[in-house]
There are 2 protein chains.
Amino acid sequence: MPTPHYGQPRYRVIADEIRKRLEHGIIAPGALLPTESALTAEFRASRGTIRQAIATLRDEGLVSTEHGRGTHATIQTNGQSDATEREVLADNRLASLFAVRAGTTLIEVERVTRKNGQVESVIRTYRTKPPSPAAP
Amino acid sequence: MPTPHYGQPRYRVIADEIRKRLEHGIIAPGALLPTESALTAEFRASRGTIRQAIATLRDEGLVSTEHGRGTHATIQTNGQSDATEREVLADNRLASLFAVRAGTTLIEVERVTRKNGQVESVIRTYRTKPPSPAAP
DNA sequence: AGAAATTTGTCCGTATGTATC
DNA sequence: AGATACATACGGACAAATTTC
């Protein structure tokens, strides 16, 4: 088969499927996702397509990827309030503002304001991650 | 030659070069960037690499891409204050919060707080774009 | 310490689909 | 309808970071 893509693009379908597994806890928070090759085999898609799907989830803050290690589900410090905190990797703009390297872990707090049930605004606050007290 | 890429990846070098042109006004705000094929020819890189470079700039809010039209420099309503306003396209998460389609134009206001010259936090507020008063 | 295997990152070339002009 | 331009998808190759042996 050549390269058909009617309706939804494949990478989005794949992202939707993986997102469902994250939301349903089939992939636990902090757990490693299947490798790109494993997903390639499962979804019968090329690596590029798989990587695009994962990039989508990364864009949503659902997963985090590290070179040579893998992609793992992001830990969501989310109770039931309207404020969610998560760890994200600095994009180029944030990196230059904070004077850190792109990809450095930052803390993002997201707050949602509503009006008559409708979302009025989304406020995201970024800060650098405080150094951990661990020291081997 | 196969695929040499020592030091900086090519897509980042290309993104840096285009960013410089945007900052220097060589590409005016609102103006269309060269097409992907033109950039492919200029930088002697494949389309995938060019697209990755443009994706980087899009991530920084510097440019905006429309299917079938092209990529143009984002209009920066930026005086000299610490608050910048720009138009961005909704990522999947924002789209679901605002109940709009991914890619819908949103208004982003970014504020930076500093302490002793160091950036302390970056606050980004997103709102839907108010309907224009135009009426054909 | 060092080599090998694993896994993600980058890059290329090509083909086809879809939106806009 | 045709030309132009971006979007999606495939497959292959090599680079770099991490883990495993």
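Within every chain, numbering begins at 1; the chains are lettered A, B, ... in the order of the sequence lines, protein sequences first and strands thereafter. Quick caveat: nothing in here was measured; it's all calculated off a predicted structure.
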Original post:
Of the nucleotides D:dA9, C:dT10, C:dT8, which has the atom closest to the A:Thr65 side chain?
Top reply: C:dT8

For [X] and [N], give me the distance from atom [atom1] to atom [atom2], rounded to whole Å.
X	N	atom1	atom2	answer
B:Arg10	C:dT10	CZ	P	14 Å
B:His72	D:dA5	NE2	C1'	14 Å
A:Ile54	D:dA9	CD1	P	14 Å
A:Leu32	C:dT8	CG	C1'	12 Å
A:Leu89	C:dG9	CG	P	10 Å
A:Tyr11	D:dA9	OH	P	7 Å

Original post:
Any side-chain heavy atom of B:Ser64 sitting closer than 4.5 Å to one from B:His72?
Top reply: yes

Original post:
Tell me, do A:Arg51 and A:Glu36 make a side-chain contact under 4.5 Å, heavy atoms counted?
Top reply: yes

**OP:** Using heavy atoms and a sub-4.0 Å distance, could you list which residues of residues 33-52 of chain B are near DNA chain D? By number, please.
**Re:** B:Thr35, B:Glu36, B:Arg47, B:Arg51

Original post:
Side chain of A:His67, base of D:dA16: donor and acceptor closer than 3.5 Å?
Top reply: yes

Subject >> Electrostatic pair A:Arg21:A:Glu42 at N-O distance under 4.0 angstrom >> reply: yes

Original post:
What residues join B:Ile123 in its hydrophobic cluster, counting side-chain heavy atom gaps under 4.5 Å, either direct or through other members?
Top reply: A:Ile123

Original post:
Taking only residues two or more places apart in sequence or in another chain, which ones pass salt bridge (charged side-chain N to carboxylate O under 4.0 Å, His left out) with B:Arg12?
Top reply: none

Original post:
When you check the phosphate oxygens OP1 and OP2 of D:dA7, does a side-chain N or O of A:Arg12 lie under 4.0 Å from one of them?
Top reply: no

Original post:
Which residue, A:Glu108, A:Glu60, A:Glu110, forms the salt bridge (charged side-chain N to carboxylate O under 4.0 Å, His left out) with B:Arg93?
Top reply: A:Glu110

